[in-house]
Amino acid sequence: MNATVSSTVAVSAGKSVSPARRVWLRFKKNRRGYWSLIIFSILVVISLLAELVSNDKPLVARYNGELVFPVFTTYSEKKFGGDFESQADYLDPFIQEQFQKDGNWAIYPLNRYHFDTLNYFATAPNPAPPSADNWLGTDDRGRDVVARLLYGFRVSVLFGLALTFTGVLLGLLTGAVQGYFAGKTDLFFQRFMEIWGAMPELYLLIIFASIFQPSVGLLLILLSLFGWMGLSDYVRADFLRNRNLEYVQAARALGLNNSQIIWRHILPNSLTPVVTFLPFRMSGAILALTSLDFLGLGVPASTASLGELLAQGKNNLDAWWIALSTFVVLTVMLLLLTNIGDALRNSLDVRRKA
């Protein structure tokens with residue numbers, strides 16, 4: 001009797017679970033995807049706080065009875081007993097000695113290098129192998145590889161999110177218009193996409209890179225012009241299937257206009273391919289940025305970049321730590337995104353039970 005009551009309560013509770021909660025339970029059941037999401041989120045948070053984790057400036061210091069915050073404020077060398085008005089170099093042994101005097105102290109980040117810091121006081125020639133000061137060595141310009149990887153990871157993730165957002169927005173808009181109105185509208189868009197998709201994207205990037213100064217914004221705009229077409233096809237197919245279903249015809253009969261029918265009724269039922277492909281689209285955006293940086297067509301040279309590190313590894317094969325560490329970071333990043341995408345795809349499968 002108790003077993004029957006328990007099963008009845010369990011069934012009733014299962015029926016009361018909302019669709020969003022049911023998707024989350026399916027996602028959480030996939031341990032690989034669930035833990036990949038947690039690990040990736042932790043890595044993203046750490047990269048967003050990169051200035052507090054890897055920096056050549058102290059987080060907080062006490063000098064001559066005054067608290068200073070070099071990581072947030074720029075101080076001259078004269079501030080700490082130097083002779084020049086230029087910005088203080090906190091890797092300079094003289095400045096470090098000043099903080100070691102009586103009553104003075106400084107708290108440094110975990111890694112004492114910024115992504116563009118040149119270690120002028122290194123004892124080994126560049127690129128230097130891993131050491132106690134540079135955990136993964138330095139590149140051919142004397143910059144710390146750990147710092148370059150951390151800041152490059154942040155640039156890749158933020159660029160991937162931005163490119164994914166713009167691609168999804170354009171893909172949803174064009175796919176919804178094609179699928180809902182169909183007919184001549186759909187025919188026109190299909191012919192336009194065939195012509196637009198035939199344009200040589202790489203050649204255009206090379207041309208624009210030679211005309212304009214490379215920047216993250218310019219690269220984002222150029223890649224967004226072509227990154228929406230794949231998703232647009234999936235959204236179009238869902239809209240073509242749903243536009244003639246009973247609930248859409250009922251909405252028309254109630255007097256709802258086209259925009260209300262699209263955004264309130266059809267779009268929520270056509271988001272499965274959009275949500276499913278989000279991690280994979282982000283992986284593709286990160287790979288695109290890395291490839292362009294590797295070819296020298298991406299972000300400016302002063303920006304931390306995983307592709308630029310790979311190019312340095314290719315040019316300095318004896319400095320194995322550069323290519324190996326960058327390859328590991330890229331592999332882990334893409335593997336985590338792939339696991340999240342697989343788990344998300346399975347969680348949206350209505351044939352699975354939570």
Side-chain angles (χ1 to χ4, degrees), residues 44-159 213-217 293 298-306 308-309 312 316 319 321-322 325-326:
V44 171
V45 171
I46 292 175
S47 68
L48 293 177
L49 301 175
E51 283 78 9
L52 304 179
V53 178
S54 180
N55 208 323
D56 57 358
K57 302 175 182 178
L59 301 176
V60 59
R62 181 182 177 87
Y63 184 75
N64 292 339
E66 179 186 357
L67 281 179
V68 294
F69 301 89
V71 73
F72 301 111
T73 307
T74 301
Y75 298 99
S76 67
E77 186 179 315
K78 272 192 172 182
K79 175 73 175 178
F80 306 108
D83 299 323
F84 303 101
E85 292 289 349
S86 59
Q87 182 177 348
D89 183 0
Y90 298 96
L91 295 179
D92 190 339
F94 172 78
I95 300 296
Q96 295 186 6
E97 288 177 3
Q98 295 295 97
F99 287 131
Q100 293 174 2
K101 292 182 178 180
D102 294 338
N104 298 339
W105 49 264
I107 300 177
Y108 287 86
L110 187 62
N111 185 42
R112 294 192 177 188
Y113 297 95
H114 197 253
F115 73 87
D116 58 354
T117 302
L118 299 179
N119 189 3
Y120 296 106
F121 307 97
T123 56
N126 299 317
S131 63
D133 291 332
N134 304 104
W135 302 333
L136 293 177
T138 62
D139 61 8
D140 56 6
R141 302 179 188 177
R143 299 172 298 189
D144 185 68
V145 173
V146 171
R148 302 285 294 177
L149 289 174
L150 180 59
Y151 285 87
F153 179 89
R154 180 173 68 180
V155 170
S156 298
V157 170
L158 294 180
F159 182 85
Q213 183 176 0
S215 64
V216 178
D293 289 340
V299 297
S302 58
T303 306
S305 165
L306 299 179
E308 189 264 344
L309 276 175
Q312 285 203 35
N316 302 275
W321 53 89
I322 301 177
S325 57
T326 309

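The first residue in the sequence is number 1, and the count goes up from there.
Side-chain atoms of Gln87 do not come within 3.5 Å of backbone N or O of Thr74 as any donor-acceptor pair. Side-chain N or O atoms of Ser54 include none that pairs as donor or acceptor with a backbone N or O of Ala50 at under 3.5 Å. Remark: the backbone N or O of Phe115 is paired with a side-chain donor or acceptor of Arg148 at under 3.5 angstrom. Judged by distance alone, the side chain of Gln96 and the main-chain N or O of Tyr90 form a donor-acceptor pair under 3.5 Å. Remark: the backbone N or O of Leu150 is not paired with any side-chain donor or acceptor of Ser47 at under 3.5 angstrom.
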(request) Given side-chain contact (heavy atoms from CB on, under 4.5 Å), test Arg143 with Leu118 step by step and report yes or no. (result) CA-CA 5 Å; Arg143 299 172 298 189; Leu118 299 179; 3.5 Å; yes

(message) If you apply the rule side-chain contact (heavy atoms from CB on, under 4.5 Å), what do you find for Asp139 with Trp321, and how did you get there?
(response) CA-CA 9 Å; Asp139 61 8; Trp321 53 89; over 6 Å; no

(message) Apply side-chain contact (heavy atoms from CB on, under 4.5 Å) to residues Leu306 and Leu149 and explain how you reach the verdict.
(response) CA-CA 7 Å; Leu306 299 179; Leu149 289 174; 3.9 Å; yes

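In this structure, Tyr108 and Pro58 approach most closely via the heavy-atom pair CE2-CG, 3.6 Å. For the pair Asp293 and Gly298, the tightest heavy-atom approach, listed with the atom from each and the gap, is OD1-CA, 3.0 Å. Across all non-hydrogen atoms, the minimal contact from Ala304 to Val155 is O-CG2, 3.7 Å.
Here the side chains of His114 and Tyr151 are in contact, with some heavy-atom distance below 4.5 Å. Between Asp89 and Glu77, every side-chain heavy-atom pair lies at or beyond the 4.5 Å cut-off. The shortest distance between side-chain heavy atoms of Val145 and Asn134 does not fall below 4.5 Å. Trp135 is not listed as a side-chain neighbour of Tyr113, based on a closest heavy-atom distance of 4.5 Å or more. Contact check for Asp83 versus Lys78: no side-chain heavy atoms found under the 4.5 Å cut-off. Taking 4.5 Å as the limit, every side-chain heavy atom of Asp144 sits out of range of all side-chain heavy atoms of Asp133. Counting heavy atoms from C-beta on, the side chains of Ile107 and Phe99 never come closer than 4.5 Å.
Residues forming a side chain to side chain contact (heavy atoms under 4.5 Å, CB included) with Ser215 (at least two apart in sequence, or on another chain): Leu218. Partners of Glu97 according to the salt bridge (Lys or Arg N to Asp or Glu O under 4.0 Å) rule, which considers only residues two or more places apart in sequence or in another chain, do not exist here.
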Return all side-chain donor-acceptor pairs below 3.5 angstrom for residues 61-71, not counting sequence neighbours, or 'none' if the list is empty.
| from | atom 1 | to | atom 2 | distance (Å) |
| --- | --- | --- | --- | --- |
| Tyr63 | OH | Phe80 | O | 3.4 |
| Tyr63 | OH | Gln98 | NE2 | 3.1 |
| Glu66 | OE1 | Lys79 | NZ | 2.8 |
| Glu66 | OE2 | Lys79 | NZ | 3.3 |

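How far CZ of Arg141 is from CG of Asn126: 11.5 Å, rounded to the nearest 0.5 Å. Separation of atoms CD (Gln312) and OG1 (Thr138) is listed at 9.5 Å; rounding is to 0.5 Å. From Ile322, atom CD1 reaches atom CG of Asp140 across 6.0 Å, with rounding to the nearest 0.5 Å. The distance from atom OG1 of Thr326 to atom CD of Glu308, rounded to the nearest 0.5 Å, is 9.0 Å.
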